[in-house]
Amino acid sequence: SLDTAEDSPEALEPRAPVVTIMGHVDHGKTSLLDALRGTGVASGEAGGITQHIGAYQVTLKDKSKITFLDTPGHEAFSEMRARGADVTDIVILVVAADDGLMPQTIEAINHTKAANVPMIVAINKVDKEDANPQRVRERLLEHEVIVEEMSGDVQDVEVSALKKTGLDELVEKIQLQAELLELKANPNRDAEGIVIEAKLDKGRGPVATVLVNRGTLRVGDVFVVGAESGKVRALIDDKGRQVKEAGPSVPVEVLGLSGVPSAGDPLQVVENEARAREVAEYRQSVLLQKRTAQAPA
Ligand code: GDP
C-alpha cells in the first residue's frame, strides 16, 4: 500500500507558509503577486528569470521563505478544496480601497471561512485619490471580518501594488500569522504533493507543477499522480533552474509523467515502477467506470 502514515512529532521541521491571494476582479491580485515577487532578496540573483509555473517562493532577508500560489481566481481554490486538497495556509484578501467590497470579495470571504483558513486583509490602491480604507474596514465588519483596527483579530494592511508601498508590512504580517500556525512537515520521507497546474508541453511532454506537502521529491523518484504515473526526469524551480530535489512547501515543475494529471491531484512517491503503474491503472479503471456510469443511457 501507499505509505501515507502520519509522521512522528520528532520528525517534523518548520516549513514555509503557502499563501493564496483572493479578491474581486481588478482589485489588484495579479499586481500584488507581481509586487510581492519582487520583495524577495533572491529576486535579482543570476539566472533568476521568473517563470510562470503557478506558484513561486520568495526568500526574505532573514532567510525565511513564503510560497505564493500564483493562480488568482476562486475557481482554482474551490476546485482544489472540493477535491480535498487544502494546500493554502493563509489567504490574503485584496480589497481595492476605492471600490470597496464587491460580490467576489464576499465570495472570497465565504470560501476562506468555509476552509477555516486565516485571512489577512490587504487594502490595495491606497494611492488613489478616492481611496477610503476606513470604509473598507467598516464594510468588512458587516461580514464578520473584524480587523485589528476595529478591535478584531484579523490583520489588515494598507498597500499599493502599483507604488509598491506597504509590502514589507504585509510580508511581516504573513510571517507573524505563519508563526502562530507553527507550520511543520517531515522532509525525510518519500514525497507527497499536490498538482497546482498541469499541461502538455510541446517540447517537454506532460509537465505538472507540484507543491510538495511533505517529504522530499528527487530526480529519479518513481511516483503516482492522480491516474498517471511516472519517474522524475527533471525538476525545475520557479526561476527556470534545474534542481535535484524539492522539500515541503517548495513548488517545482515535474517532468517525466505518463500523461497530464488534473489540478488538485495528489502525487505520491512509490517503491517501484511496477507498483506505480498498478496504482495508476487501477485509478484509470475507476475513472472509466465513473464516466460510464454517468453517461446517458
Ligand atoms: P486582478 O484582476 O485582481 O488580478 O487585478 P490586476 O492586478 O490586474 O489590477 C487591475 C488594475 O488595477 C490594473 O490596471 C492595475 O494596474 C491596477 N492596480 C493594481 N494595483 C493598483 C494600485 O495599488 N494602485 C492603482 N492606482 N492601481 C492599481
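Numbering of residues begins at 1 and proceeds along the displayed sequence. Not measured: the values here are computed from a predicted model. Start at 1 and go down the list; that is how both ligands and their atoms are numbered.
Under 4.0 angstrom from ligand 1, the non-hydrogen atoms of Thr30 come from both its backbone and its side chain. Contacts with ligand 1 closer than 4.0 Å are made by side-chain heavy atoms of Asn124 only, the backbone lying farther away. When non-hydrogen atoms are compared, ligand 1 lies under 4.0 Å from the backbone of His27 (N, CA, C, O) but not from its side chain. Neither the backbone nor the side chain of Lys163 comes within 4.0 Å of ligand 1, counting heavy atoms alone.
Hydrophobic clustering, defined by side-chain heavy atoms of Ile, Leu, Val, Met, Phe, Trp and Tyr closer than 4.5 Å, groups Val286 together with Tyr282.
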Problem set entry | Audit row: Glu253, Arg204, salt bridge (charged side-chain N to carboxylate O under 4.0 Å, His left out) steps and yes/no | CA-CA 11 Å; Glu253 277 192 323; Arg204 303 183 296 168; 3.1 Å; yes

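For ligand 1, none of its N or O atoms has an N or O atom of Val159 under 3.5 Å away. In terms of N/O distances under 3.5 Å, ligand 1 is not approached by Leu32. Not a single N or O atom of Val126, backbone or side chain, sits closer than 3.5 Å to an N or O atom of ligand 1.
Heavy-atom contacts of Lys128 reach the following atoms of ligand 1: 26 (N) (cutoff under 4.0 Å). For ligand 1, the atoms sitting less than 4.0 Å from at least one non-hydrogen atom of His24 are 3 (O), numbered in the order shown with element in parentheses.
Figure legend: Arg37 and Phe68 shown without cation-pi pairing, the cationic atom not lying both under 6.0 angstrom from the six-membered ring centre and within 45 degrees of its axis.
Comparing heavy-atom distances from atom 24 (N) of ligand 1 across Val25, Asp127, Asp26 singles out Asp127 as nearest. Nearest to atom 15 (C) of ligand 1 by heavy-atom distance, out of Ser31, Ser160, Gly166, is Ser31. Which of Glu158, Lys29, Met22, Lys125 comes nearest to atom 28 (C) of ligand 1 through a heavy atom is settled by distance: it is Lys125.
Remark: side-chain polar atoms of Asp7 are not paired, donor with acceptor, to backbone N or O of Ala185 under 3.5 angstrom.
Note that CD of Glu148 and CD1 of Ile120 are 9.5 Å apart. Values are rounded to the nearest 0.5 Å. Note that NZ of Lys125 is 10.0 Å distant from CG of Asp130, once rounded to the nearest 0.5 Å.
Partner of Ile196 under the side chain to side chain contact (heavy atoms under 4.5 Å, CB included) criterion, chosen from Val18, Ile53, Leu69: Leu69.
Looking at residues two or more places apart in sequence or on another chain, you find a side-chain hydrogen bond (donor to acceptor under 3.5 Å, both in side chains) between Gln57 and Thr67.
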